[in-house]
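A short worksheet on the structure shown next.
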Amino acid sequence: MKKFVVQYFLEKGLAVERTVEAETREHVAAMALSENIVQFEDVFGELNMFNKTDIKLVKIKNYTEPVTTSRRGG
């Protein structure tokens, strides 16, 4: 399965995103449309939920692995 990032834009300047696994982008879109309550876990480990009517925009992007770099002191 591929990984996708779903971004939910709630209001100006406030967006949350989560990573999901699905076969295609269309499967992710169908899942996002079927949800009434959207939940996500933030960086503090807290589970947050909001109503679908609060969402202004949803974007679905392909997942890319985070890039890690190493620094060498000199």
Side-chain angles (χ1 to χ4, degrees):
M1 284 217 216
K2 294 183 194 174
K3 287 186 178 181
F4 296 93
V5 176
V6 184
Q7 291 180 312
Y8 299 95
F9 294 86
L10 298 171
E11 57 188 48
K12 188 175 183 180
L14 178 61
V16 295
E17 66 180 35
R18 66 178 176 170
T19 304
V20 297
E21 289 188 4
E23 294 292 328
T24 65
R25 191 181 296 230
E26 288 75 22
H27 285 113
V28 179
M31 178 199 63
L33 286 170
S34 69
E35 293 176 314
N36 288 326
I37 299 292
V38 179
Q39 63 182 9
F40 70 98
E41 190 170 331
D42 63 18
V43 294
F44 303 109
E46 296 175 337
L47 187 61
N48 296 279
M49 293 187 252
F50 51 90
N51 195 319
K52 187 175 177 178
T53 58
D54 296 335
I55 301 169
K56 307 294 184 227
L57 175 66
V58 177
K59 289 186 181 181
I60 299 171
K61 305 187 306 184
N62 291 333
Y63 178 80
T64 55
E65 290 290 332
V67 176
T68 56
T69 59
S70 62
R71 288 175 116 182
R72 299 177 81 181

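If you read the sequence from its start, that first residue is 1, and numbering goes on from there.
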- Item | Partners meeting salt bridge (charged side-chain N to carboxylate O under 4.0 Å, His left out) with Glu35 (sequence neighbours left out) | Arg18

- Give a yes or no on whether Val38 and Leu14 share a hydrophobic cluster (residues Ile, Leu, Val, Met, Phe, Trp, Tyr; joining criterion: side-chain heavy atoms under 4.5 Å apart). yes

- How far apart are the C-alpha atoms of Met1 and Glu23, what are their side-chain angles, what is the distance that settles it, and do they pass the side-chain contact (heavy atoms from CB on, under 4.5 Å) test? CA-CA 5 Å; Met1 284 217 216; Glu23 294 292 328; 3.5 Å; yes

In residues 43-50, what donor-acceptor pairs under 3.5 Å come from side-chain atoms, sequence neighbours left out?
unit_1: Asn48; atom_1: ND2; unit_2: Asp42; atom_2: OD2; d: 3.2
unit_1: Asn48; atom_1: ND2; unit_2: Glu46; atom_2: O; d: 3.2

- Task: Return the minimal non-hydrogen interatomic distance between Phe4 and Ala22, and the atom names on each side.
- Result: CE1-O, 3.7 Å

- Message: Applying a strict under-4.5 Å side-chain criterion to I, L, V, M, F, W and Y, I'd like to know whether Val20 and Val16 cluster together.
- Response: yes

- Within 6.0 Å of NZ in Lys52, more than 12 heavy atoms from elsewhere: yes

When the side chains of residues 53-67 are checked against the rest of the protein, which donor-acceptor pairs come out under 3.5 Å, sequence neighbours left out?
unit_1: Thr53; atom_1: OG1; unit_2: Asn51; atom_2: OD1; d: 3.4
unit_1: Asn62; atom_1: OD1; unit_2: Arg25; atom_2: NH2; d: 3.0

